[in-house]
Amino acid sequence: MADIKPYWQNYIDGAWVDGGAGRIDVTDPATGETLAEHALADVADVDRAVMAARRVHLSGALTAMRPIERGRMVQAMGRYLLEHKDEIARVLTREQGKPLWESHIEIEGAALYFEYYGNQASTVEGRSIPLGAGYMDWTEYEPFGVSAQIIPWNYPIEMTARSLAAALATGNACVIKSPEMTPLTNAWFALASEAVGFPKGTVNVICGLGHDAGAALAGHPGVNQIVFTGSVPTGIAIATAAAQNVVPCVLELGGKSAAIVHDDADLDAFENDIRWGIYFNAGQVCSSMSRVIVHESRHDELVARAENVAKSLSVGPGAERDTFGAIMGAMVSEGQRDRAVGMVARAAEQGATVVAGGRKLNRAGAFLEPTVLAGVTPEMEIASNEVFGPVLSVLSFKDEAEALEIANGTDYGLVGGVFTADLDRATRAARQMRTGQVFVNEWYAGGVETPFGGFGKSGYGREKGREALWNYVQTKNIAIRLKG
C-alpha cells in the first residue's frame with residue numbers, strides 16, 4: 001500500500017494552512033501506530049473559516065447562480081470522489097480501520113449524495129398564495145448562509161457528503177469540522193470543491209478538538225445553521241451553544257435500535273441482516289441492529305444462527321481485506337474497543353451469556369471479536385446504552401405487546417425493524433415503534449432518497465431525501481398590493 005503523507009493541513013478560504021493549536025496524531029487502529037499528523041485548529045482558525053464562508057454568502061455568488069448550474073457543480077464533486085476512489089479508500093481504511101472494500105462502499109455512497117442533491121438543486125421551488133384581487137403573494141426559499149457541519153469519526157466521508165451536498169445544492173457556504181480521530185479523508189472535499197470551480201471560501205475544512213474548535217464553531221455568531229452527528233451529551237452542548245445565537249440545528253445522535261423477530265420470520269434471510277446490521281464497520285453505526293427481540297419459540301435457534309455468523313467472520317487489518325466477504329476490521333481506537341469490552345463484561349456479571357466473542361484479539365490494534373450476548377433483559381445496562389461496537393444483544397418476548405414495550409423502552413428512537421411474514425403485524429409494529437425509520441424484513445432498507453433521523457434522544461431534524469433540503473433553507477414570503 002502506498003505511503004501516506006506525514007502531515008495534513010486545514011483548508012480555509014481556498015488555502016492549505018497550519019493550525020493555531022499545533023498538530024494532532026492520527027493513529028492507524030489496525031496497528032496502534034501513528035499514521036500521520038494533522039493541523040489542529042484553534043478559535044482564531046474557526047473564526048477565519050466562518051468569516052470566509054460568510055463573505056461568500058454575502059457576496060451572493062452562490063445564490064446568483066442558476067440552481068441547475070449549481071447542481072451540476074455539486075454532482076461534479078461526487079464524480080471527483082469516484083475518480084479518486086482508490087486513493088481515498090486506502091487512506092480511509094488506514095485512519096478508520098474498516099476493510100478496504102467497506103471504504104469503497106462508503107466513498108460510492110458519498111458520491112451518491114452529491115448526485116442526488118445535485119439533481120435536486122433546481123427543484124427547491126416556492127409557491128403562489130391566492131389573496132384575492134389586488135394582491136400577488138408568493139414564497140421563496142433562501143439558504144441560511146453559513147452551515148457549520150461537525151462530522152463523526154465512523155463515516156467521515158459519507159457523513160460529510162450527506163450534509164455538504166445538501167447545503168451546497170441549496171446555496172449555503174460551509175465550514176466542516178472533521179473528526180479528530182479520522183480527519184484525513186475530508187481533504188478530498190476541499191480538493192473537489194476547487195476542482196469543480198466553487199469560489200474560495202465556499203467549502204472550508206478544519207480539524208480541531210471538540211471542546212475547543214467544535215465549541216467555538218457551534219457558538220460562533222457568524223454561523224447560521226448547524227449539523228451534528230455524534231453523542232447525546234455533545235449534541236446537547238452544541239444545541240445549547242446554538243440556542244444562544246438562535247441558530248437551528250440538525251442533530252443525529254445515539255441509537256439503541258431493535259429488530260423484533262416474530263415466530264414466522266425467515267431466519268435464513270435474517271442471518272444476512274445480522275451480518276450487515278451489527279458487524280458492518282465493526283458495529284460502529286448509529287443505526288446498527290444492536291438489539292434483537294425474538295419470540296421465545298425461536299430464541300434458541302436465532303442465538304445459534306447469530307453465533308455462527310459471528311464466528312464465521314475473519315477479523316484483522318482492513319488494509320489486508322480488500323475483497324468483499326465474511327471479514328471485519330478494527331474498531332476506531334483502543335479506547336473505543338476497551339469501552340465495548342467493559343460493557344460486555346458487565347453484562348455477563350448481570351446475568352447475560354456471552355455466546356460468542358466478547359474479547360479483544362491477542363494482537364496489536366483495536367480489534368474486538370464479533371460478539372453475541374444471550375439472556376439479555378431490558379433492565380441491563382447493555383440493553384439500553386449504546387455500545388457502538390460489534391456486540392449483538394438478544395432478548396426474548398412472549399407476545400406482540402411485550403415486544404413493542406421492550407423495543408420502545410430506551411431513550412433512543414433512531415431506527416427499528418420488524419421481521420415477519422404477516423403484513424398486518426408488520427404494519428402495526430411499524431406504526432407503534434417510536435423511531436424515525438422502520439425497516440421491514442430487511443435491515444438498512446432504504447437509501448439516500450429516504451428521510452433519516454431520530455425520535456427522543458436520537459435527535460431531531462432529518463438528513464437524506466428531499467426532506468433534508470428544508471433544513472438548509474428558510475422561507476420568505478413576499479406580498480404585493482397592486483394598484484387599480
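Heavy atoms only: backbone and side chains are in, while hydrogens, waters and symmetry mates are out.
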Spacing of [X] atom [atom1] and [Y] atom [atom2] [to the nearest 0.5 Å]:
X	Y	atom1	atom2	result
Leu92	Glu106	CG	CD	4.5 Å
Ser178	Ile206	OG	CD1	8.0 Å
Leu217	Ile226	CG	CD1	6.5 Å
Thr202	Glu194	OG1	CD	11.0 Å
Gln149	Thr229	CD	OG1	9.5 Å
Leu100	Ile105	CG	CD1	10.5 Å

With a 3.5 Å distance limit and no angle check, can you tell me whether [X] reaches the backbone of [Y] through a side-chain donor-acceptor pair?
X	Y	result
Asp45	Gly19	no
Ser257	Gly416	no
Ser193	Ala190	yes
Asn172	Tyr472	yes
Glu271	Arg305	no
Arg291	Ile406	yes
Tyr279	Thr371	yes
Thr27	Pro29	no
Asn204	Asp13	yes
Gln284	Met331	no

Checking side chain to side chain contact (heavy atoms under 4.5 Å, CB included) for the pair Phe388/Ser288: CA distance, chi angles, key distance, verdict?
CA-CA 8 Å; Phe388 220 64; Ser288 67; 5.9 Å; no

For [X], enumerate each residue passing the salt bridge (charged side-chain N to carboxylate O under 4.0 Å, His left out) test, keeping only those at least two apart in sequence or located in another chain.
X	result
Lys256	none
Asp263	Arg425
Arg298	Glu301

Between [X] and [Y], is any pair of side-chain heavy atoms under 4.5 Å apart?
X	Y	value
Pro378	Leu395	yes
Pro99	Thr93	no
Ile278	Ser290	yes
Ser287	Gln437	no
Ile151	Ser163	yes
Val74	Phe198	yes
Asn281	Gln96	yes
Met343	Val391	no

Salt bridge (Lys or Arg N to Asp or Glu O under 4.0 Å): pairs with one or both residues in residues 148-169, sequence neighbours excluded
Arg162-Glu252

Can you tell me which residue pairs pass the salt bridge (Lys or Arg N to Asp or Glu O under 4.0 Å) test with a partner in residues 358-367, sequence neighbours excluded?
Arg359-Glu369

List the steps and the verdict of side chain to side chain donor-acceptor pair (under 3.5 Å) for Asp18 and Gln9.
CA-CA 5 Å; Asp18 293 332; Gln9 293 176 298; 3.0 Å; yes

For residues 30-42, pull every pair meeting side chain to side chain donor-acceptor pair (under 3.5 Å), keeping only residues two or more places apart or in separate chains.
Arg23-Glu37

Pairs flagged by side chain to side chain donor-acceptor pair (under 3.5 Å) wherever residues 328-352 is involved - sequence neighbours left out:
Arg346-Glu381

Please report, to 0.1 Å, the donor-acceptor pairs under 3.5 Å made by any side chain of residues 181-189, with sequence neighbours excluded.
{"residue": "Thr182", "atom": "OG1", "partner": "Trp153", "partner atom": "O", "Å": "3.1"}
{"residue": "Thr185", "atom": "OG1", "partner": "Glu95", "partner atom": "OE2", "Å": "2.7"}
{"residue": "Asn186", "atom": "OD1", "partner": "Thr160", "partner atom": "OG1", "Å": "3.3"}
{"residue": "Asn186", "atom": "ND2", "partner": "Pro156", "partner atom": "O", "Å": "3.1"}
{"residue": "Asn186", "atom": "ND2", "partner": "Thr160", "partner atom": "OG1", "Å": "3.4"}

Heavy atoms only: give me the nearest Leu40-Gly208 pair and the separation to one decimal.
CD1-CA, 3.7 Å

CA sep, side-chain torsions, deciding dist, call: Leu313, Arg275, side chain to side chain contact (heavy atoms under 4.5 Å, CB included):
CA-CA 9 Å; Leu313 299 177; Arg275 164 70 183 97; 3.7 Å; yes

With sequence neighbours excluded, tell me which residues meet side-chain contact (heavy atoms from CB on, under 4.5 Å) with [X].
X	result
Ala192	Met77, Tyr80
Ser384	Thr410
Ser458	Tyr412, Leu414

Would Lys98 and Tyr155 count as a cation-pi pair here, with the cationic atom under 6.0 angstrom from the ring centre and within 45° of the axis?
yes

Chi angles and distances behind the side chain to side chain contact (heavy atoms under 4.5 Å, CB included) call for Asp266, Asn441
CA-CA 9 Å; Asp266 182 349; Asn441 291 333; over 6 Å; no

Could you list the residues that satisfy ring-ring contact (aromatic ring centres under 6.0 Å, His included) with His295, not counting sequence neighbours?
Phe397

Verify side chain to side chain contact (heavy atoms under 4.5 Å, CB included) between Asn154 and Val332, making sure each step is shown before the conclusion.
CA-CA 7 Å; Asn154 58 330; Val332 75; over 6 Å; no

Relative to each other, are the rings of Phe280 and Trp101 parallel, tilted or perpendicular (30° and 60° limits)?
tilted

Is the ring pair Trp443/Phe439 parallel, tilted or perpendicular, if the boundaries are 30 and 60 degrees?
perpendicular

Between the side chains of Glu296 and Ser396, does any donor sit under 3.5 Å from an acceptor?
no

